[in-house]
Amino acid sequence: VTSVHLARWPEADAALIDEARIAEMRLVQRLVSLGRAARETVNIGVRQPLAEARFAVREPAEAEAVARLASLIESELNVKAVSVLADAGAVVEYKLNPLPQALGKKFGKDFPRVQKLLRESDAAAVRGWAEALLRGENVTVEADGQAFEVTPEEVEVKRTAAADFAIAEEGGYLAALNTALDDALIAEGLAREVVRRVQTLRKDADFDIADHIALRYEASGKLAAAIAAHAAYIGAETLADEVEAGSGADGFTSATFGPDPSGDPKKDTSIEGETLTVAVRRLNQKS
């Protein structure tokens, strides 16, 4: 009897290996990882859609790949649009901190002038110096007609996200997520949280993954409006043929999510402070 353990290991056909595609997928993985890291800096969960993600890449070919694979990146990061940054200064603010222990002895009485120039010049100049220092280049500045050269080891570069952006960077790549949320984005994020609760309830009710259901809900304020606006999405994601406001009657399995009555934040199951009761019932399937 032939055994798989005695068979020859198959040989790879190098002609079938698409190195360009592999490189593109590695780029996508890197950018998605940075995008998720940027989310974490502002504690915005992945279920909350964001308006856009912008990326700084190193080569024109990578920029072309980002444009071509934008829909994949959008799906992975839950953003509405993806673009390549022409200027990182649009999403990053730079500050320079000349180190006294390094430059005090070097420039002596001139150090305060150099320090003030590096710290207080206009944003465009500071950005240009900062980016050069980050590339490992020396920078020459002029104070009262006198030139002073500083090195990357002598000036600390501090980078912070511009208003309404969260950033993460590594190895010359940068991801910037627009964190401004309008009512439509917030409502979509709430709907996604409802889907998660319903899926959990389906599992608790021991429904089969293919079972279609009837869904009833009672929700407060913004959450009720979000469910009504995204009822079709919620139904498609949870296989709910019926998504209706109201309480579940006999045959329904229900659960309530809301703030803990004692005020314990660890026991708070609400959705962004909103209260939700959902009830599900398995529907009979036509053969």
Verdict with reasoning, N78 to R47, per side-chain hydrogen bond (donor to acceptor under 3.5 Å, both in side chains) = CA-CA 7 Å; N78 193 16; R47 292 185 185 86; over 6 Å; no

Rounded to the nearest 0.5 Å, what separation is found between the CG atom of L239 and the CG atom of L283?
-> 10.0 Å

With a 4.5 Å limit on heavy-atom distance, are the side chains of V139 and F148 in contact?
-> no

Do NZ/NE/NH1/NH2 and the carboxylate oxygens of E272 and K222 come within less than 4.0 Å?
-> no

side-chain hydrogen bond (donor to acceptor under 3.5 Å, both in side chains) with R39: which residues, sequence neighbours excluded?
-> none

Please list, one pair per line, the donor and acceptor atoms closer than 3.5 Å that link side chains of residues 21-31 to other protein atoms, with sequence neighbours excluded.
residue, atom, partner, partner atom, Å
E24, OE1, R68, NH2, 3.2
E24, OE2, R68, NH2, 2.0

Lys NZ or Arg CZ of R127 over Y94 ring: under 6.0 Å, within 45° = no

Apply side-chain contact (heavy atoms from CB on, under 4.5 Å) to R36 and E76, showing your working.
-> CA-CA 9 Å; R36 289 172 178 163; E76 290 292 319; 3.0 Å; yes

Is it true that a side-chain atom of R202 and a backbone atom of T238 form a donor plus acceptor pair closer than 3.5 Å?
-> yes

R216 and E242 ion-paired at < 4.0 Å = yes

Is any side-chain heavy atom of E244 less than 4.5 Å from a side-chain heavy atom of Y217?
-> no

Sequence neighbours excluded and cut-off under 3.5 Å, please list the side-chain donor-acceptor pairs for residues 165-175, or say none.
residue, atom, partner, partner atom, Å
E169, OE1, R159, NH1, 2.8
E169, OE2, R159, NE, 3.2
E169, OE2, R159, NH1, 3.4
Y173, OH, R58, NE, 3.2
Y173, OH, R58, NH2, 3.4
Y173, OH, E62, OE1, 3.3
Y173, OH, E62, OE2, 2.6

State whether the number of non-hydrogen atoms from other residues, nucleotides or ligands found under 6.0 Å of D183 atom CG is greater than 12.
-> no

K80 and E188 ion-paired at < 4.0 Å | yes

Single hit among T256, L190, V198, L223 for side-chain contact (heavy atoms from CB on, under 4.5 Å) with L276 = L223

Counting only heavy atoms not in D122, do more than 12 sit closer than 6.0 Å to its CG atom?
-> yes

Would a 4.5 Å heavy-atom cut-off, applied to side chains only, mark V91 and L85 as touching?
-> yes

